Amino acid sequence: MTTKNLLVELFVEELPPKALKKLGDAFAGQLFEQLKALGLAGADSVVTPFASPRRLAAHVSHVWLKAEDKAVQLKLMPASVGLTADGQATPALLKKLASLGADVSDPAAAVARLKRQGEGKAEALYYDSLVTGATLDVGLQKALDEAIAKLPIPKVMSYQLETDCELPGWTSVNFVRPAHGLVALHGATVVPVKALGLTAGNQTQGHRFEAAVSPVVLADADTYAETLLRDGAVFASFGDRRFAIVQQLAQAAEKLGPGYEVLMDEALLDEVTGLVERPNVLTCSFEEEFLEVPQECLILTMKANQKYFPLVDTHGKLTNQFLVVSNISPADASAVIGGNERVVRPRLADAKFFFDQDRKKTLESRVAGLAKVVYHNKLGTQGERSERVRAIAHAIVNQLRLATLPFTVDDKDHLDLLDTKVQQAARLAKTDLLTDMVGEFPELQGIMGGYYARHEGLRDGVAIAIEDHYKPRFAGDALPRNHTGTVLALADKLETLIGLFGIGQLPTGDKDPFALRRHALGVIRILAEKQLPLDLPELLQAAAVPFGELITDPSAALLDFMLDRLAVNLREQGYSAQEVDAVLALKPARLGEVARRLVAVRAFAALPEAPALAAANKRVGNILKKAEGEVKAEVNPELLQEAAETALAAALAEVAPVAETAWSQGDYTASLQLLAALKHPVDTFFDQVMVNADDPALKANRLGLLAQLHQAMNRVADLSRLAA
């Protein structure tokens, strides 16, 4: 029996554009998986999803008209239940066999056809059966029902269908949008399946206004996309339509001149692809006077409200030209262009009005208003939050004063100035939440505060800090640009983490409504990438102080949470789980050191001595854990009796101080490399020396030697985590 290709299409009313790609992939994927499970599609079958604003479709290659029959062995029941003591069939067994369609007219013959497997109480009866393969019409009906039922629909709507029977009436249907057509073609043959009150055929609808014919008749499954484009003026493939939009956007920008560049936001591209069936990019413009408004405002209103693509020059500055992706292609596009320009103008005028109005009040005059804005019902107002951020920021600057490692602003006067700027920025950072612009566009919080601060003539460092204190806002985002912004961003994120952890608002599973994972990763990135000489545990404890009795100090739990986030992030960067585990097992206080420790561990692991030393370190750790009482890392040379323990003590006395010096200087790679010299004396020690000697003094001395070894080997990382 030969295979043919299958096409299934659901024609519906306009689907939600932001969810379109996900819906298309899910529909095709579920359909394909069900067909494979039923044996109607095989290993050489390939599924191609299609999704346009008014259709979900799937093309599956090499689909059988009927699946092969399968021989299956069914476990019936324990032999003790199915057979009597003399081997005769029990009523329970005969009933089970009858339900499976077996001939039970001769019980003895029926029992003879069964297989017995296992021994004693575990012995069971098995029945060999031939399962008839599903036919395509039955199998596709099941697959289609399953694919529709499992669609990740953002919001289900109910609509009524007129019943198809003699008595008039209505039936309710639940789906993402009302469905109006169903196509199911196996080659050129219609498969008689039904869904959502529709019966499958070979006809669909094209573009609302530009289709050459209506309905569009599909000759077979393989000409679906080309027929729909030719006769229906629709790009059926989401990917093809998106590619066409990208090409047209680039061509339109090129026509304007070499100085224009399109801001091709990926999310916006996907959304616009979900809005049009046959894209046509047009160039529009607005009055240059609107360019006086911060370009972030104009870009956001064009992208978020109008789904337009802004154009910038080679310096990244917004121009007064923008691109529109239209769903129609008239011979004279002037009316479409004019309409889009008229629509965007009020939006830009609103942005200009908000900007002008906001600048009539200073940020300082808005500070008192923060006391009226609730931040969290258990954590008070935004005003109270701002005061906590100021206190945490001051504590951070004080920690920088006491840092033993160098910091780029290490002069006391400079740190005093930094503290002054940070305090001013922290006081004003949240005031833009009360502005009209941020009220309209919450995404601009911080950004607008920076603009308003510059307008008021505040020092540039403070304005930049206000603008940057939310950074990094997302994975891969830039870090704050100056020290003031860095300290303020740290304080702001720590306040959020400590406060919400302190009232028990922890992330659970995939739920993280307060984005605490993102905040934690932001703190980690700032500390690590800025190489700040700050102790993370001390930082968390200091950040809890301004909350007073408002919370339960969560710094210990938060430290574990942040190290877990760091571990995930490091593994995503390509470090192995063993390498990450070895470094983070020591809970390094300064995250700026983690990268160098990982490099050192990776270099150590490449040494031929590494596996043996890691295994020995694990063994030493286990011995010390089992030891009774506290083991002091002290050795009495007079109690060293065996040549092997004397040799290990001598090697350790030679290597450990040099490795310690390298460690204290931050040369972690050299510190670990020096340990390679200990392999032979360590191996010999364990081969020839009994640690748990009968003499208590001798045993304590050997444990002390192992404790010294353990200390020397685990300064950079817990090397036992590298053991296989």
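In this text the structure is predicted, and so the values were computed from the model without any measurement.
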[X] [atom1] to [Y] [atom2] distance, which is reported to the nearest 0.5 Å:
X: Thr661; Y: Asp667; atom1: OG1; atom2: CG; result: 11.0 Å
X: Ile503; Y: Leu379; atom1: CD1; atom2: CG; result: 4.0 Å
X: Met448; Y: Cys297; atom1: CE; atom2: SG; result: 4.0 Å
X: Leu607; Y: Leu675; atom1: CG; atom2: CG; result: 9.5 Å
X: Leu584; Y: Leu566; atom1: CG; atom2: CG; result: 5.0 Å
X: Leu536; Y: Ile524; atom1: CG; atom2: CD1; result: 8.0 Å

* **By side chain to side chain donor-acceptor pair (under 3.5 Å) - contacts of Thr362 (at least two apart)** =>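 By the side chain to side chain donor-acceptor pair (under 3.5 Å) rule, Thr362 matches Ser365.
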* Considering residues at least two apart in sequence or located in another chain, which fulfil the side chain to side chain donor-acceptor pair (under 3.5 Å) criterion with Asp350? ->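 Partners of Asp350 by the side chain to side chain donor-acceptor pair (under 3.5 Å) criterion come out as none, since no residue qualifies.
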* Asked: Is any side-chain N of the basic residue among Arg366 and Asp432 closer than 4.0 Å to the acidic one's carboxylate O?
  ->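 Looking at Arg366 and Asp432, the cut-off is not met.
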* Pair Asp468 + Arg481: basic N to acidic O under 4.0 Å ->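 The answer is yes: the pair qualifies as a salt bridge.
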* Report yes or no: is the cationic atom of Arg359 (NZ for Lys, CZ for Arg) under 6.0 Å from the centre of the six-membered ring of Phe355, at an angle within 45° of the ring normal? =>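 Yes, Arg359 lies over the aromatic ring of Phe355.
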Is the backbone of [Y] close enough, under 3.5 Å, to the side chain of [X] for a donor and an acceptor to pair up by distance?
X: Glu456; Y: Leu363; value: yes
X: Arg454; Y: Gly450; value: yes
X: Asp581; Y: Ala577; value: no
X: Asp358; Y: Asp436; value: yes
X: Gln531; Y: Gly592; value: yes
X: Gln382; Y: Lys430; value: no
X: Glu495; Y: Pro546; value: no
X: Glu364; Y: Leu428; value: no

* Output, in order, the C-alpha distance, side-chain angles, deciding distance and verdict of side chain to side chain contact (heavy atoms under 4.5 Å, CB included) for Phe309 and Val272. => CA-CA 10 Å; Phe309 289 87; Val272 171; 3.9 Å; yes
* Residues Leu370, Leu434; criterion side chain to side chain contact (heavy atoms under 4.5 Å, CB included); working and verdict -> CA-CA 8 Å; Leu370 292 174; Leu434 303 177; 4.1 Å; yes
* Taking atom CD of Glu288 as the centre, does the number of heavy atoms from other residues, nucleotides or ligands within less than 6.0 Å exceed 12? ->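 No.
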* To do: Using a cut-off of 6.0 Å, state whether more than 12 heavy atoms not belonging to Gln247 lie near its atom CD.
  =>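 Enclosed: over 12 neighbouring heavy atoms sit under 6.0 Å from CD of Gln247.
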Which heavy atom of [X] sits nearest to which heavy atom of [Y], and what is that distance?
X: Leu488; Y: Ala429; result: CD2-CB, 4.1 Å
X: Thr319; Y: Phe286; result: O-CZ, 3.5 Å
X: Ala712; Y: Arg715; result: O-CG, 4.0 Å
X: Ala253; Y: Val262; result: CB-CG2, 3.6 Å
X: Pro513; Y: Lys511; result: CD-C, 3.7 Å
X: Gly446; Y: Arg473; result: CA-NH2, 4.3 Å

Are [X] and [Y] close enough that some pair of their side-chain heavy atoms sits under 4.5 Å apart?
X: Gln306; Y: Asn340; value: no
X: Tyr452; Y: Thr431; value: no
X: Val293; Y: Phe354; value: no
X: Tyr308; Y: Arg347; value: no
X: Leu719; Y: Leu672; value: yes
X: Ile498; Y: Ile392; value: no
X: Leu323; Y: Thr283; value: yes
X: Arg721; Y: Gln578; value: no

If we ignore angles and hydrogens, is there a donor and acceptor under 3.5 Å between the side chains of [X] and [Y]?
X: Tyr470; Y: Gln445; value: yes
X: Arg385; Y: Thr496; value: yes
X: Lys360; Y: Gln357; value: yes

* To do: Take Ile464 and Thr484, measure what side chain to side chain contact (heavy atoms under 4.5 Å, CB included) needs, and give me the verdict at the end.
  => CA-CA 8 Å; Ile464 289 175; Thr484 310; over 6 Å; no
* Evaluate the criterion salt bridge (Lys or Arg N to Asp or Glu O under 4.0 Å) for residue pair Asp492 and Lys471; output intermediate values, then yes/no. => CA-CA 10 Å; Asp492 185 68; Lys471 291 182 179 179; over 6 Å; no
* Let me know which of Thr420, Asp416, Val487 forms a side-chain contact (heavy atoms from CB on, under 4.5 Å) with Val397. =>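 Exactly one pass, corresponding to Val487.
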* To do: Decide yes or no on side chain to side chain contact (heavy atoms under 4.5 Å, CB included) for Leu269 and Leu249, but give the supporting numbers first.
  => CA-CA 10 Å; Leu269 274 171; Leu249 288 171; 3.9 Å; yes
* Between Arg242, Lys21, Lys22, which is the residue that forms a salt bridge (Lys or Arg N to Asp or Glu O under 4.0 Å) with Asp270? ->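 It is Arg242; the other options fail the test.
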* Evaluate the ring planes of Trp663 and Tyr668, with Trp represented by its six-membered ring, and classify them as parallel (under 30°), tilted (30 to 60°) or perpendicular (over 60°). =>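 The rings of Trp663 and Tyr668 sit tilted, inter-plane angle from 30° to 60°.
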* To do: Using the side chain to side chain donor-acceptor pair (under 3.5 Å) rule, collect all pairs that involve residues 513-525, keeping only residues at least two apart or in two chains.
  =>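 Output for this query lists Arg525-Glu529.
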